[in-house]
Amino acid sequence: MIGRLLPGLLCALSFVAFTSSANAQAKIDPSLPEAPLPHRRVLLLFPGFETVQDPTIPVAPLKPKQKFEMAYRKTVDPSFLIESAAFAGLDQGIGYGPQYGSGWGPYAQRFGYNAANLATTFLFTDAILPNVFHQDPRYFRKGTGSFVSRVWWALRSEVVAYSDQGNEMPNYSSMIGFGMSTALSNAYSPESSITFGKTMERYGVKEGVSFGLNILREFGGLSKPERHQE
């Protein structure tokens with residue numbers, strides 16, 4: 001069902017998102033000097049350097065190398081192993097995802113599958129496609145307003161992003177990147193799990209997880225930047 005509905009839902013969401021007003025975003029200022037990615041976390045677990053905390057202060061665009069740095073740091077972060085293990089446990093517990101069977105051996109296969117899936121997703125959505133489309137992969141918080149308006153902002157951010165010049169544009173990095181990593185995952189999935197419907201379901205799950213992470217970024221507290229010796 002989700003495989004048939006997802007394309008239409010994304011098109012409808014994109015249309016509504018681009019026709020709605022959204023003035024909470026501080027513009028990206030290309031004249032600002034390069035700023036390093038901050039060392040901070042969301043809810044003490046997830047990396048916080050991909051979140052622009054203050055919507056009232058313009059920020060410098062990311063350099064191409066910083067987009068690759070973002071993908072790399074997310075992949076080597078301790079939360080990467082926690083996420084891979086959690087998704088593997090969820091897949092095995094509810095019978096979702098690649099059908100490897102039950103037991104510790106299939107769990108290890110699911111762990112490897114999810115680790116590879118996360119790594120390729122980060123590479124496509126945070127590094128390669130943002131550089132191809134000159135797009136900023138960070139999440140820009142709304143920060144103020146009603147609960148509903150901030151949830152809508154988190155959802156809207158799935159289909160609307162900002163260029164390196166600060167202009168609104170379709171979120172190609174997310175929408176295409178999720179599709180590319182999902183298609184690639186078929187290369188290391190059991191043959192029984194490679195169907196159009198199951199592929200679209202996995203794509204839909206990625207969009208849903210990304211939206212959930214946007215909610216955490218929008219409402220979750222960011223730690224103060226840590227001091228690192230250069």
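Just so it is clear, the values below take in all heavy atoms, side chains as well, and ignore hydrogens, waters and symmetry mates.
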Cluster link [X] to [Y], ILVMFWY, side chain under 4.5 Å:
| X | Y | value |
| --- | --- | --- |
| I82 | Y107 | no |
| F49 | L32 | no |
| F124 | Y72 | no |
| F122 | V76 | no |

Worksheet entry | Considering all heavy atoms, the nearest S149-K142 contact |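 Smallest heavy-atom distance, with atoms named: OG-NZ, 3.5 Å.
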Item to complete: Please report the shortest heavy-atom distance between Q135 and S173, naming the atom on each side.
Response: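 Distance-wise, the nearest heavy atoms are OE1-OG, 2.7 Å.
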Practice prompt. Could you tell me whether E69 and R73 have a side-chain N and a carboxylate O separated by less than 4.0 Å?
Written response: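 Yes, E69 and R73 are salt-bridged.
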Practice prompt. Considering only NZ, NE, NH1 and NH2 on the basic side and carboxylate oxygens on the acidic side, decide whether K74 and E50 come within less than 4.0 Å.
Written response: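 Salt bridge between K74 and E50, a charged N being under 4.0 Å from a carboxylate O: yes.
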Worksheet item: Under the salt bridge (Lys or Arg N to Asp or Glu O under 4.0 Å) test, which residues partner K63, sequence neighbours left out?
Response: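 K63 satisfies salt bridge (Lys or Arg N to Asp or Glu O under 4.0 Å) with no residue once adjacent residues are dropped.
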Worksheet entry | Worked check of side-chain contact (heavy atoms from CB on, under 4.5 Å) between L62 and M70 | CA-CA 10 Å; L62 295 178; M70 180 180 294; 3.8 Å; yes
Worksheet item: Hey, mind stepping through D29 and V59 against side-chain contact (heavy atoms from CB on, under 4.5 Å) and telling me if it holds?
Response: CA-CA 6 Å; D29 188 348; V59 295; over 6 Å; no
Item to complete: Take atom CZ of F80 as the centre, draw a 6.0 Å sphere, and report whether it contains more than 12 heavy atoms from other residues, nucleotides or ligands.
Response: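 Counting other residues, nucleotides and ligands, CZ of F80 exceeds 12 neighbours.
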